[in-house]
Number of protein chains: 2
Amino acid sequence: MTAQDFAQQALQELEADRHSGASQLARRCLGWVVGYVRVLGAVPTSTVDQLRSQVTGFAKQLQSARPSMAPIHNLLQQLIDLLNNLPPTLGDAISYIEEQAEYIVEQSEQAVLRVAAQARGLIKPQDVIFTHSISSTILEIFRRVADLPVKAIVTESRPGNEGRLLVEQLSSLAITTTYITDAQMGLFVGQSDIVLVGADSVLKDGSVINKAGTYLLALAARDTGVPFYVCCESHKWSEKTPVNIELEEKDSEELGLTPLPSITVHNVYFDVTPSRLISGYISENDIKKSFT
Amino acid sequence: MTAQDFAQQALQELEADRHSGASQLARRCLGWVVGYVRVLGAVPTSTVDQLRSQVTGFAKQLQSARPSMAPIHNLLQQLIDLLNNLPPTLGDAISYIEEQAEYIVEQSEQAVLRVAAQARGLIKPQDVIFTHSISSTILEIFRRVADLPVKAIVTESRPGNEGRLLVEQLSSLAITTTYITDAQMGLFVGQSDIVLVGADSVLKDGSVINKAGTYLLALAARDTGVPFYVCCESHKWSEKTPVNIELEEKDSEELGLTPLPSITVHNVYFDVTPSRLISGYISENDIKKSFT
């Protein structure tokens, strides 16, 4: 396989993935960069300068493929910045990139565990936790608090139905869980003690990009007096603001409507929850009541 | 077919219907009562007293089958009250019930047309109307304002996907329409000029029972500054209050989740939107800003 084919295939896979959370995909991106470096290294005529320029190019393509997901940008940027320090021989340069990528992935995994530890401090035995969509961070929190025990309320999260993946995991943790349509969020949020959601990005003003429907859940939680927390590692924080973000739209076929004259289907995957609806941000470092 | 079989079949059909609006079902109930009366009348030994008592019993069964839908209670109650005036011979009594039922149905159809005429006064050319679920009243409004022209935003309305039925009708009216998942309501409500929803019941305090998700839409409309109107004939008004209502729950299989240990599926069809989120109530008589 040529480096170009490898890159093409990785980019397609990244764009098509509907189920993985942003951090999980960001870590996969670092894996793809390592794979790409190995393919390049197999061509013995390559120079370190060529390697740096090609890896940078591929990493930047990955960064732009999922603009709603800050960790993809941020974790890859950490690696891109380190490419200035490449050792002078090709073999050493390749090893250096492999080691740094592995380190960044480990840091990201550690951060998820530390977010879960912070979140546990907020949860009491018998608490009912409401969540929407799937997030590897939220799943880690459930692993961490399953013993209290806790209960869960989970939405199906149309059109991808990520909620189904989440309840499979919650079932294997033996957590008593209620599974509902997205439209029933307002009916059930009042039965929960706390709402916990992940994030694809936290913008500069504290507003949160997450799966479409998160904003509705935040409104219903506020109206019902249930605290609403965003749980994410600090590499989800972005320099972007609500005015310059792009919300990814996916295939309209996912909604399964037979095409009809004058009818247009929209399938925007993310929405923006303003910071005024957020009770706190749980990161690996602390729980902040206000983001800015 | 015996009268009992007829009644049983009608009740099953009424309970199973997921797609018809409350007024439409209420009118069908009157049709079933007429059908039931004819089956009873075919037994020549019946007395008028027996007829009154059996018809009352059947009508009351229909009333309790769909407790979230006020017009089913109210239109049938109109007929039940008239059963005190039955003429003394069986043939006359049957004709009387047929005529009264037909009159009540006509009044109900007229009321829908008059609601649509009231609503037209609120709509300007090029307005974008956002709605959720399907309602024969809302459909009548679209027929009445299609020429302005207007545009529409429609949710799919899981799990029954009544939105699909609505966009088929809007397409045949050539209304430019955006079709979205329920979870995208918050993303799109800001692109609309007005939200119009039907109702299954309007409770004594002005809160509205309608398809699950209506409350979320009302929250998002309020947060975004878009007016939110409830459109319904006065026979949707109920003497019930939010504390003594029963929200119908349907088969959990409709959500399509493979059964899993510790996971319970809920499929509540209706939610309650408090009057504080409602900009106005459009009835056949007027547009009220406040219900109480």
Side-chain angles (χ1 to χ4, degrees), chain A residues 132-133 151-159 161 163-164 167-168 170-188 211-220 222-223 247 252 254-258 260-274 277, chain B residues 132-133 151-159 161 163-164 167-168 170-188 211-220 222-223 247 252 254-258 260-274 277:
Chain A
H132 177 59
S133 186
K151 292 178 181 169
I153 303 176
V154 172
T155 55
E156 55 182 0
S157 203
R158 282 270 297 159
N161 294 325
R164 293 191 188 175
V167 294
E168 282 171 19
L170 297 181
S171 179
S172 72
L173 292 168
I175 293 176
T176 301
T177 300
T178 298
Y179 178 79
I180 56 172
T181 54
D182 302 327
Q184 290 175 89
M185 289 193 297
L187 276 160
F188 281 86
K211 186 73 194 289
T214 302
Y215 166 51
L216 298 172
L217 179 55
L219 284 169
R222 173 60 52 99
D223 199 52
L247 297 173
S252 59
E254 290 182 4
L255 273 74
L257 186 75
T258 310
L260 288 166
S262 86
I263 312 296
T264 305
V265 177
H266 278 293
N267 186 17
V268 180
Y269 253 53
F270 301 97
D271 66 16
V272 183
T273 301
L277 298 176
Chain B
H132 176 58
S133 186
K151 292 178 180 171
I153 303 176
V154 173
T155 55
E156 55 182 0
S157 201
R158 283 272 296 163
N161 294 325
R164 293 190 189 175
V167 294
E168 281 171 19
L170 297 181
S171 178
S172 72
L173 292 168
I175 293 176
T176 301
T177 300
T178 298
Y179 178 79
I180 57 172
T181 54
D182 302 326
Q184 290 174 87
M185 288 193 297
L187 276 161
F188 281 86
K211 186 71 193 289
T214 302
Y215 166 51
L216 298 173
L217 179 55
L219 285 169
R222 174 59 52 97
D223 200 51
L247 296 173
S252 59
E254 290 182 4
L255 274 74
L257 186 75
T258 310
L260 287 166
S262 87
I263 313 296
T264 306
V265 176
H266 278 293
N267 185 18
V268 181
Y269 253 53
F270 301 97
D271 66 17
V272 183
T273 301
L277 299 175

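Numbered from 1 within each chain, the chains take letters A, B, ... in sequence-line order. This one's a predicted model, so the numbers in the text were calculated from it and none came from an experiment.
The greatest number of non-hydrogen atom pairs below 4.5 Å with chain B, out of A:Ile180, A:Leu277, A:Ile263, A:Thr273, is found for A:Ile263. Between chain A and the residues B:Asp182, B:Val268, B:Leu170, the largest count of heavy-atom pairs under 4.5 Å involves B:Val268. For the set A:Asn161, A:Val272, A:Asp223, A:Asn267, the count of heavy-atom pairs under 4.5 angstrom toward chain B peaks at A:Asp223.
Contacts of B:Phe270 with chain A are made by backbone atoms alone, with heavy-atom separations under 4.5 Å and no side-chain atom involved. For B:Glu254, no part lies near chain A; criterion is any non-hydrogen pair under 4.5 Å.
Minimum heavy-atom separation, B:Leu216 to A:Ala183: CD1-O, 3.7 Å. The minimum heavy-atom distance between B:Thr181 and A:Pro159, with the atom names listed, is CG2-CD, 4.1 Å. Of all non-hydrogen atoms in A:Ala212 and B:Gln184, the two that sit nearest each other are CB-CG, 4.2 Å.
Applying side-chain contact (heavy atoms from CB on, under 4.5 Å) to B:Arg164 and the options A:Leu257, A:Leu260, A:Leu255 leaves one that passes, A:Leu257.
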Under the ring pair (Phe, Tyr, Trp, His ring centres under 6.0 Å) criterion, do B:Tyr179 and A:His266 qualify, and how do the steps go?
CA-CA 6 Å; B:Tyr179 178 79; A:His266 278 293; over 10 Å; no
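By the 4.5 Å heavy-atom criterion applied to side chains, A:Leu187 and B:Tyr215 are not counted as neighbours.
Within residues 151-158 of chain A, the residues having any heavy atom less than 4.5 Å from a heavy atom of chain B are, in residue-number order, A:Glu156, A:Arg158.
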Identify every side-chain donor-acceptor pair in residues 171-178 of chain B under 3.5 Å, counting partners at least two apart or on other chains, and give the distances.
unit_1	atom_1	unit_2	atom_2	d
B:Ser171	OG	A:Pro261	O	2.5
B:Ser172	OG	B:Gln169	O	2.7
B:Thr177	OG1	B:Ile175	O	2.9

